[in-house]
Amino acid sequence: QVRLVESGGALVQPGGSLRLACAATGIDFTNNPMGWYRQSPGRPRALIARTNPDGTTFHEASVKGRFSISRDNSANMLYLQMDNLKSDDTAFYYCNIAGRTLYPWGQGTQVTVSS
């Protein structure tokens with residue numbers, strides 16, 4: 001059974017840091033691009049970062065230079081290091097394959113950036 005379990009979200013002050021983790025089971029993790037998505041009220045769920053099987057990465061402009069996606073293929077783990085957090089980063093964060101056909105979403109992990 002496919003499971004995507006996100007963790008690491010918290011309440012943090014602007015300028016703070018968090019490290020999110022995604023444990024993926026039941027998928028071909030190693031051979032697929034993986035991504036982090038986020039969704040907040042009034043905004044559709046959108047891809048903000050991806051990491052490809054060849055190791056290349058993509059980060060959406062609003063997070064580039066502040067967030068860094070990485071993966072551990074031996075453990076089927078996906079990570080998102082988030083630095084210099086802003087209020088606009090407040091959202092639920094989800095992991096999934098970064099492609100046309102997505103697996104069912106996990107529960108997400110909530111990140112709240114507020115002073």
Side-chain angles (χ1 to χ4, degrees):
Q1 185 178 10
V2 174
R3 290 191 182 91
L4 299 169
V5 181
E6 300 91 348
S7 62
L11 171 65
V12 64
Q13 295 185 36
S17 297
L18 288 172
R19 183 172 172 84
L20 307 185
C22 167
T25 58
I27 69 172
D28 185 6
F29 184 90
T30 301
N31 295 308
N32 278 290
M34 297 296 298
W36 283 98
Y37 302 74
R38 67 182 179 186
Q39 184 176 25
S40 61
R43 297 172 180 159
R45 201 193 320 255
L47 180 72
I48 60 168
R50 66 181 284 163
T51 176
N52 301 306
D54 66 1
T56 58
T57 61
F58 163 81
H59 299 83
E60 195 270 332
S62 67
V63 306
K64 188 175 183 179
R66 300 188 299 116
F67 293 8
S68 181
I69 189 171
S70 61
R71 64 197 296 164
D72 181 352
N73 288 335
S74 68
N76 282 13
M77 293 289 294
L78 186 72
Y79 301 98
L80 185 68
Q81 178 66 44
M82 305 188 295
D83 297 320
N84 192 23
L85 284 158
K86 304 176 179 180
S87 295
D88 286 348
D89 296 321
T90 296
F92 269 88
Y93 286 73
Y94 303 84
C95 62
N96 215 316
I97 289 175
R100 282 184 56 192
T101 303
L102 302 176
Y103 287 104
W105 299 102
Q107 82 285 356
T109 186
Q110 186 172 7
V111 172
T112 302
V113 185
S114 177
S115 59

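These numbers come from the heavy atoms of this one structure, side chains and all, not from hydrogens, waters or symmetry mates.
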* **Separation of Q107 CD from L4 CG (nearest 0.5 Å)** => 9.0 Å
* **Heavy-atom pair with the smallest gap, counting every atom of A21 and M77** => CB-CE, 3.9 Å
* Side chain of T90, backbone of V113: donor and acceptor closer than 3.5 Å? -> yes
* Structure fact -> Of all heavy-atom pairs linking S7 and T109, the shortest is C-OG1, 3.8 Å
* Hphob cluster co-occupancy, L20 + V12, side-chain heavy atoms under 4.5 angstrom -> yes
* **Spatial distance of atom CG (D89) from atom OG (S62) [nearest 0.5 Å]** => 7.0 Å
* Heavy atoms only: give me the nearest T30-P53 pair and the separation to one decimal. => O-CB, 3.7 Å
* Can you tell if the side chain of R19 reaches within under 4.5 Å of the side chain of S70, non-hydrogen atoms only? -> yes
* To do: Spell out, yes or no, whether L18 and Y94 are grouped together once hydrophobic residues are joined by side-chain heavy atoms under 4.5 Å, including indirect joins.
  => no
* Asked: Quick one: CD1 on I97 to CD1 on I27, what's the gap to the nearest 0.5 Å?
  -> 4.5 Å
* To do: Mind listing the closest non-hydrogen atom pair of S87 and P14 along with its distance?
  => OG-CG, 4.4 Å
* Which distance, rounded to the nearest 0.5 Å, do you find between the CD1 of I69 and the OG1 of T51? -> 5.5 Å
* Asked: Where the side chain of N76 meets the backbone of T25, is there a donor-acceptor pair that is under 3.5 Å apart?
  -> no
* Mind checking whether I48 and F92 sit in one hydrophobic cluster, side chains of I, L, V, M, F, W, Y counted as touching below 4.5 Å? -> no
* State the OG-CE distance between S17 and M82, to the nearest 0.5 angstrom. => 8.5 Å
* Asked: Among E6, R50, R71, which one satisfies side chain to side chain contact (heavy atoms under 4.5 Å, CB included) with L78?
  -> R71
* Any idea which heavy atoms bring R43 and Q39 closest together, and the distance? -> O-CG, 3.6 Å
* Inter- and intrachain pairs under ring pair (Phe, Tyr, Trp, His ring centres under 6.0 Å), touching residues 27-74, at least two apart -> Y37-W105
* Asked: Can any side-chain N or O of N52 pair as donor or acceptor with the backbone N or O of D54 at less than 3.5 Å?
  -> no
* **Reported CZ-to-CD distance for the pair R38 and E60, which is rounded to 0.5 angstrom** => 7.0 Å
* Should N73 and M34 count as side-chain neighbours, where that means a heavy-atom distance under 4.5 Å? -> no
